[in-house]
Amino acid sequence: MEPLSDRTTSLGAAQGPRLAIDLDAIAANWRTFRTIAPAARVAPVVKADAYGLGAVPVTRRLLAEGADCFFVATLGEGLSLQRALGAQLRKASLYVLNGPMPGEAAAMAEAGLKPVLNSLEQWADWKRVSGGAPCALHIDTGMNRLGLGPGALDALCAAGDPFAGVAVDLIVSHLACGDEADAAMNGEQLQRFTAALDRLPQTPASLAASAGALLGSSYHFDLVRPGIGLYGGLEGSPFRVAARLLAPIVQVRRVDKGMTVGYGATYRLGGTRRLATVAAGYADGVMRSSSKGGRAAVEGVAVPLAGRVSMDLVTIDVTELPEAATQPGRLVEFFGDTIALNEAAASAGTIHYEILTRIGTRVARTYQGRAQ
Ligand SMILES: *Cc1c(COP(=O)(O)O)cnc(C)c1O
């Protein structure tokens with residue numbers, strides 16, 4: 001028999017907030033990138049636990065779909081994915097975007113992880129300890145975050161054979177404005193990337209993340225690196241919704257005109273209203289900054305949040321909905337089919353990436369679709 005505490009935990013999870021993840025939709029979004037960039041490999045970015053959706057189940061499904069190259073951000077993420085997937089992952093490439101922190105290079109080489117080398121310091125570390133193990137090289141083309149800038153690239157090229165003693169199997173760069181199709185910066189970065197590639201030994205190259213892949217084939221090179229687009233962040237057909245944040249109603253009450261709702265008593269009722277209190281709060285990823293102007297949905301109908309989001313609860317105005325639809329236990333959507341992820345982000349004053357990666361640990365991840 002299971003210990004009582006575990007049963008209590010799983011029972012609680014089944015009745016609390018949940019992130020419903022559609023693995024078939026993620027797989028379909030991956031195939032959509034393959035259609036958009038038919039000449040390139042499509043290498044999923046599964047950093048930050050696949051943007052909160054679960055790196056292990058997402059990677060397992062995409063491996064089954066045929067993906068053979070993945071990106072995480074850190075050594076720890078790479079090791080835990082390898083631990084979870086074992087032999088399933090062994091034939092795939094797993095790149096670590098941040099590259100080796102000081103002292104990490106040997107562990108990365110030993111694990112068979114491929115660092116993205118972002119500076120001459122990381123380059124030197126890898127050259128010293130990798131024993132010829134493969135890696136990627138990041139050329140900064142204007143982001144000024146990571147990667148070799150013009151001076152560092154000059155220094156590397158001054159050495160005659162720039163790749164001597166280092167097995168670079170991918171050269172990457174990253175767009176600052178990939179999600180702004182008209183930004184002049186995109187063309188400038190493309191031009192700088194091409195110029196850098198001309199100075200380096202012939203090597204597969206990668207510039208585009210999700211939005212960059214939509215800028216046209218000149219941005220695809222040999223590999224595209226989508227993250228958010230796999231997880232439902234690119235709206236409109238053929239991309240599919242891949243995650244839905246849901247939580248059940250705890251109770252419903254009728255509240256008189258003139259009364260206020262929630263902390264700070266900021267929300268005053270202009271008439272008698274029916275309010276539902278829902279079992280999710282900012283600890284779960286319902287952003288407190290969306291208290292004003294945020295919406296949730298019940299059975300496909302959007303309704304306003306009423307008052308401030310608190311840690312474990314939020315109140316919504318369900319006056320316009322039939323009572324049968326708002327019984328305790330009924331599920332409320334915070335983003336998904338009715339409330340777009342982008343709307344949830346905009347009402348919270350942030351971006352959809354932050355909405356997904358801030359879903360709390362108390363939120364049960366539930367999966368639908370083929371696992372592998
Ligand atoms: C996070 C990241 C990606 C994925 O970006 P999306 O916009 O989520 O597709 C790709 N490349 C690099 C270098 C990244 O840091």
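Atoms within a ligand are numbered from 1 in the order they appear, just like the ligands themselves.
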Are Phe33 and Phe239, when compared by the centres of their aromatic rings, separated by less than 6.0 Å? yes
Distance under 4.0 Å, heavy atoms only, partner ligand 1: which residues pass? Val45, Lys47, Tyr51, Leu97, Arg145, His174, Ala209, Ser210, Arg225, Pro226, Gly227, Ile228, Tyr353
Do any pairs count as a side-chain hydrogen bond (donor to acceptor under 3.5 Å, both in side chains) and have a residue in residues 80-90, sequence neighbours left out, and if so which ones?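 Of all non-adjacent pairs touching residues 80-90, none passes side-chain hydrogen bond (donor to acceptor under 3.5 Å, both in side chains).
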Contact list for residues 31-57, test side-chain hydrogen bond (donor to acceptor under 3.5 Å, both in side chains), sequence neighbours left out: Arg31-Glu65, Arg41-Asp68
So that I can tick it off, tell me whether Asp140 and Arg192 are bridged by a salt bridge, with the cut-off set at under 4.0 angstrom between side-chain N and carboxylate O. no
So does Glu320 pair up with Arg273, basic N to acidic O under 4.0 Å? yes
With sequence neighbours left out, what residues match Ala209 under side-chain contact (heavy atoms from CB on, under 4.5 Å)?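 Applying side-chain contact (heavy atoms from CB on, under 4.5 Å) to Ala209 gives His174.
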